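Chain naming here is simple, since letters A, B, ... match the order of the sequence lines and numbering starts at 1 in each. Side chains included, hydrogens not; waters and symmetry mates left out as well; all remaining heavy atoms used. Predicted, not measured: the structure shown is a model, and the values here were computed from it.
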Amino acid sequence: TRKRFAETFELVNEKFKEVFPRLFCGGKAELKLTNEDDLLETGLDIVVQPPGKKLQNVSLLSGGEKALTAVALIFSIFLIKPSPFCLLDEVDAPLDDANIGRFNEMIREMSLFSQFILITHSKTTMAVADTLYGVTMEEPGVSKLVSVKLN
Amino acid sequence: TRKRFAETFELVNEKFKEVFPRLFCGGKAELKLTNEDDLLETGLDIVVQPPGKKLQNVSLLSGGEKALTAVALIFSIFLIKPSPFCLLDEVDAPLDDANIGRFNEMIREMSLFSQFILITHSKTTMAVADTLYGVTMEEPGVSKLVSVKLN
Amino acid sequence: MKIKRLEISGFKSFVEKASFDFPAGVTAVVGPNGCGKSNVVDAIRWVMGEQSAKNLRGRAMEDVIFGGSESRKPLGMAEVSLVFSTSDGRVPAKYLNYSEIQVTRRLYRDGESEYLLNKTPCRLMDITELFMDTGVGARAYSIIEQGRIGMILMAKPEERRFLIEEAA
Amino acid sequence: MKIKRLEISGFKSFVEKASFDFPAGVTAVVGPNGCGKSNVVDAIRWVMGEQSAKNLRGRAMEDVIFGGSESRKPLGMAEVSLVFSTSDGRVPAKYLNYSEIQVTRRLYRDGESEYLLNKTPCRLMDITELFMDTGVGARAYSIIEQGRIGMILMAKPEERRFLIEEAA
Ligand SMILES: Nc1ncnc2c1ncn2[C@@H]1O[C@H](COP(=O)(O)OP(=O)(O)OP(=O)(O)O)[C@@H](O)[C@H]1O
Ligand SMILES: Nc1ncnc2c1ncn2[C@@H]1O[C@H](COP(=O)(O)OP(=O)(O)OP(=O)(O)O)[C@@H](O)[C@H]1O
Ligand SMILES: [Mg+2]
Ligand SMILES: [Mg+2]
C-alpha cells in the first residue's frame, strides 16, 4: 500500500542517515526515491558521501566502501523491523580492520534482540562471537562440525 | 586462426591440469571445448574436482574454491604466454590462509620473469612482497603514497 | 520465534548428521575454503522452503543431496530440521501449547519431497504459512549469502524497492 | 618492456603527484578501504588507452579527474605517465636507441585529451600500437580488477574463449 511504503521509507531513511556515519566514522548518506509521485513503481537511489570526500557517483566508491554502504542499508532496515535472526555469509570479506571493528560493534548491539550467525574468515569477527562453530573436512568431501563454545 | 586456437588451447589445458592440483594441493581439473568441430565459435567449459571430492557442477563449489579455480586458469594462461607484468587487485580476498600460501608461492616463482603488483589486505601476501607501498588518506579524499622498500 | 537448533543430514557435504545449537547472541561459523560453511546457510534456506535450486547454487534440486566423495557413495535422501523455541510467545495460537516447533524437510533422489511440522507430515504451504505468520520468513535482509552484498549497490533503483516493501 | 615507474597526478583521489617505482619481482600495495589502491590500477589501465569510463568505475571519462574533497577544490586536468625500461631489448626497432619509453595521457575537464610518447605529442593510435607490438597490452589475464575474478567461472562458455584467443 502506498501509505505504508512511504512511512517505511521515511523510517528506514532516517535510520540510514544515522547508521552510515556510524559505520564510516563520519560522512553522510541518504536514500532518495526516483519517482516520488509514483510510490508503487518508484525506485530507490542511494546517495553517499564518505567522510571528507565529495558527493560522487556511487560507482566510484571503493570495494570496501560499497560493501559497507550496503551493510549500512541492511542494518537500517533490520533496525526498523528486526527479524528474529540474521545470517551473514562473509560480509566482512572486503572490509579493513577498522571497518570490521565498527561493523562487529553494531552486530553485538543488535544481537541483544536478534540472533546473529556470521560466517567469516576474520579473526577480528571471531573474537566478538558468543559461540564458535568450526567446520572441518578432515575426510575430504565430508563436513564435520566441531563446536567451540566461548561463554 | 583455427590452428593457433587449437594449439593454444592444448597448451593452456595441459598447464591447467598441472596448476590446479598445485594450488588445491590435489584434485584434478581440465578445460573442455563445448564444440570441438567449430573452433571459431566454440565455448570453453571448466571441469573441476577438488581433492577427495566428486566431480560436480562448478556452481556448487565454495566461494574460495571458485576464486582459486579462476586463479588456476589465469596462471595457466600466464605461464603459456607471460605478460611483462601482472596486476591483481584483492584476488586473495576469499582465500583461507593455506590457499593464500600456495597462491603466493606460485606468484613468487612467476615473478622471476614478470613483475607482479598485488593489491591486498592480507598480511600473508604482504610478507612475500619485495617492495611494499602503503597508500594513505590522512587528509580525507586525498591519496598519499608511503613507500616501504623491503629489500 | 528464536532458532534453537539446526540438524543437517545428507544435505550437500553433510553426510553424517550434524547438529548446531544456536544460543542467543552472536554465533560465528569458521573453517577453511570448501569445508561446508555456506552449505549451512543453504540448509537453512532450504528447510525454510526455498524452491529454486539456483538460489542454492545447484542446477536441479537433486543437487542438494550428498552426491558422494572419493571414499563415500552418494546418499538417497537429504534431511534438514530447524527447531524453534516458542518461549518469546510470538507464535500463532495453535502452537501456544508447544515449547518447540520443529520444521523438517526431506528430499529423496527419486524427486519425492516430505515436509513435517513437529514430526507430523504436512504440506509445504503449512511451513511457508508458519514462517509468514511468525515473521521468520527468509526476508531479503535477514539472509545475505556469500558475494551477494554487492548486489544492493549494483542493482537498478527499481530492483531495490523490494527491500522497503519487505520491511513495510 | 618492464615497468619502471608510474606517475599519477590529478587522477581520481591522487591530487598531488604520486610516483611509484616498480622494481623487479613482487610489489604489494596496501592501505585501508577507500584510500586509493584500486585507483592505481585504474590509472594504469587509463594510461594504456582505456576508452570506456565504465571500465574505470565512472559514468563519464571526466570522472577520472580529481573532483575535489571537503578541503580541496576540483582540478582541471588528470595526468598519468608510465615509464618503461627497454633494457630487455623487446622493443620495436624505432625505440632501440632509447633507454626508457614514457607514455603520458592527459585529460582536461573541457574534454580535451593529450597523448605523449617520450614527452612528444602523439595520437592514441601510436600508444595502442606500441603496447600491441611489445606485448604489453592490457590483456584480460594480466590485469584482474577487484571483484572480477569471479566472472571467469560465472561467464558463459562462449564468453570465456577470448582468454585463449588473447594468448594465441
Ligand atoms: N550435493 C553435494 N554432495 C557433496 N558435496 C557437495 C554437494 N553440494 C556441494 N558440495 C560441496 O560443498 C563444498 C562447498 O561448501 P561451502 O560452499 O559450504 O564451502 P565454504 O565453507 O563456504 O567455503 P568458502 O570459505 O570457500 O566460502 C564444495 O566443495 C562442493 O563440492
Ligand atoms: N575523480 C575523483 N575525485 C576524487 N575522489 C575520487 C575520484 N574518483 C574516485 N575517488 C575516490 O576514490 C576512492 C576509491 O578509491 P579506491 O577504489 O582506490 O579504494 P581502495 O583503496 O581500492 O579501497 P578498498 O580496499 O575498499 O578496495 C573513493 O572514495 C572515491 O570517492
Ligand atoms: Mg562460503
Ligand atoms: Mg579496491
Practice item. Tell me, for A:V58 versus chain C, whether the close heavy atoms (under 4.5 Å) come from the side chain, the backbone, both or neither. Key: side chain
Check your understanding: Which distance, rounded to the nearest 0.5 Å, do you find between the OG1 of A:T1 and the CD of C:E165?
Key -> 10.5 Å
Revision key, fill the gap. The reported gap from CG in C:L82 to CZ in A:F85 (rounded to nearest 0.5 angstrom) is 6.5 Å
Revision key, fill the gap. Taking every heavy atom of A:I119 against every heavy atom of C:K37, the minimum-distance pair comes out as CD1-O, 3.2 Å
Exercise for review: Could you check which of C:G36, C:G31, C:S13 has the highest count of heavy-atom pairs closer than 4.5 Å to chain A?
Suggested key: C:S13
**Study point:** CD (A:E138) with more than 12 external heavy atoms under 6.0 Å
**Key:** no
Review point. Given a strict heavy-atom distance threshold of 4.5 Å, which part of A:V12 is in contact with chain C: side chain, backbone, both, or neither?
Key: side chain
Study note, to complete from the structure: Interatomic distance, CD@C:E158 vs CD@A:E41, rounded to 0.5 Å, equals 9.0 Å
Study note, to complete from the structure: Distance col, row A:S147:OG vs C:D21:CG, nearest 0.5 angstrom, shows 7.5 Å
**Study point:** Among A:A129, A:C86, A:S143, residue most engaged with chain C (heavy-atom pairs, under 4.5 Å)
**Key:** A:S143
Practice item. May I ask you to name which of A:I80, A:L73, A:L39, A:V146 has the most heavy-atom pairs under 4.5 Å with chain C? Key: A:L39
Review point. So which of C:G150, C:S38, C:S69, C:G67 has the biggest tally of heavy-atom pairs under 4.5 Å with chain A?
Key: C:S38
Study note, to complete from the structure: In this structure, CG of A:D45 is separated from NZ of C:K156 (nearest 0.5 Å) by 13.0 Å
Exercise for review: Determine the minimum heavy-atom distance between A:F113 and C:K2, stating which atoms define it.
Suggested key: O-NZ, 3.5 Å
Check your understanding: Is the backbone N or O of A:S83 less than 3.5 Å from a side-chain atom of C:Y141, with the two atoms forming a donor-acceptor pair by type?
Key -> no
**Study point:** Per-residue contact mode, A:I117 against chain C (heavy atom under 4.5 angstrom)
**Key:** both
Check your understanding: For A:L33, does its backbone N or O pair with a side-chain atom of C:R161 as donor and acceptor, under 3.5 Å?
Key -> no
Study note, to complete from the structure: If one checks every heavy atom of A:P94 against chain C at 4.5 Å, the contacting part turns out to be neither
Check your understanding: So what's closer than 4.5 Å to chain C heavy atoms on A:V48: side chain, backbone, both or neither?
Key -> neither
Check your understanding: Closest approach of C:F20 and A:Y133, non-hydrogen atoms and distance?
Key -> C-OH, 3.6 Å
Practice item. Under 4.5 Å, counting heavy-atom pairs only, tell me which of A:T34, A:T120, A:L88 racks up the most with chain C. Key: A:T120
Revision key, fill the gap. Most heavy-atom pairs under 4.5 Å with chain A, out of C:I3, C:I152, C:L153, belong to C:I3
Check your understanding: If you count the non-hydrogen atoms of other residues, nucleotides and ligands that lie under 6.0 Å from CZ in C:R59, is the total more than 12?
Key -> no
**Study point:** Residue pair C:R160 / A:I46, side-chain heavy-atom distance below 4.5 Å
**Key:** yes
Check your understanding: Could you state the interatomic distance from CG (A:D89) to CD1 (C:I149), rounded to the nearest 0.5 Å?
Key -> 11.0 Å
Review point. With respect to chain C, which residue among A:L132, A:T8, A:L44 yields the maximal number of heavy-atom pairs within a distance under 4.5 Å?
Key: A:L44
Review point. At their closest point, which heavy atom of A:G141 faces which heavy atom of C:F66, and how far apart are they?
Key: O-CE1, 3.6 Å
**Study point:** Contacting region of A:S122 [heavy-atom separation from chain C under 4.5 Å]
**Key:** neither
Practice item. Of all the heavy-atom pairs spanning C:F22 and A:Q115, show the shortest one and how long it is. Key: O-NE2, 2.9 Å
Revision key, fill the gap. Taking every heavy atom of A:E139 against every heavy atom of C:S71, the minimum-distance pair comes out as OE2-OG, 3.1 Å
Review point. Taking C-beta and beyond as the side chain, do C:R148 and A:V91 meet within less than 4.5 Å on heavy atoms?
Key: no
